[in-house]
S.K.: 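Would you mind keeping the following structure in view while I ask a few things?
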Amino acid sequence: MSEQLVIDESVYKEIIAHSFELKPIESCGYLAGKNNHITKLYKMVNIDNEPDHFSFEPKEQFAVLKDSRANDLQLLSVYHSHPESPARPSQEDLRLLKDPNMIYVIVSLEHDTPDLKAYRIVDSEVSELTVSIK
Ligand SMILES: [Zn+2]
């Protein structure tokens with residue numbers, strides 16, 4: 001059975017809106033919550049400002065970590081968009097996304113309807129989670 005991830009509908013809408021807003025640049029951010037249930041989004045600046053790559057700004061990362069702790073939430077997930085490609089980890093993602101404790105959410109805007117998928121990446125081994133929007 002695959003791991004389950006629940007995303008609040010309001011957060012899901014924010015992820016999609018953020019991704020369209022930044023297109024053709026990749027959007028990125030953190031998703032916070034508890035027990036694989038995401039209830040809060042932190043939009044981050046993509047300091048690479050690239051259509052096929054993203055990086056966080058360390059000070060902003062630290063501020064998010066502090067805020068999530070203050071709200072008694074865990075940073076469960078890092079999300080980013082793929083403006084022109086499918087919602088699966090790119091070679092670049094496999095090279096860079098290495099935290100086994102993170103769920104990596106990828107939103108594809110390749111087609112008219114956005115496609116959101118979530119993954120664990122452990123030692124370059126990718127497993128997809130079942131996502132429900134509630
Ligand atoms: Zn990517």
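Residue indices begin at 1 and follow the sequence shown. Start at 1 and go down the list; that is how both ligands and their atoms are numbered.
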S.K.: Atom OG of S27 and atom CG of N46: how far apart are they, to the nearest 0.5 Å?
M.R.: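 Reported to 0.5 Å precision, the distance equals 8.5 Å.
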S.K.: Can you tell me if, anywhere in H82, an N/O/S atom lies at a distance from the Zn ion (ligand 1) that is smaller than 2.8 Å?
M.R.: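 Within the cut-off used here (under 2.8 Å), H82 does place an N, O or S atom near the Zn ion (ligand 1).
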S.K.: Under 6.0 Å from the ring centre and within 45 degrees of the ring axis: does the NZ or CZ of K66 meet both conditions for the six-membered ring of F62?
M.R.: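 That pair does not qualify as a cation-pi contact.
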S.K.: Between Y30 and Y79, does the ring centre distance come in under 6.0 Å?
M.R.: no
S.K.: Give a yes/no answer: is there an N/O/S atom of D93 under 2.8 Å from the Zn ion (ligand 1)?
M.R.: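 Yes - counting backbone and side chain alike, D93 has an N, O or S atom under 2.8 Å.
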S.K.: Report the name of the N/O/S atom of H80 located nearest to the Zn ion (ligand 1).
M.R.: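 Among the N, O or S atoms of H80, the one closest to the Zn ion (ligand 1) is NE2.
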S.K.: Is a side-chain N or O of R120 found less than 3.5 angstrom from the main chain of Y104, in a donor-acceptor match?
M.R.: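 Such a contact is absent between R120 side chain and Y104 backbone.
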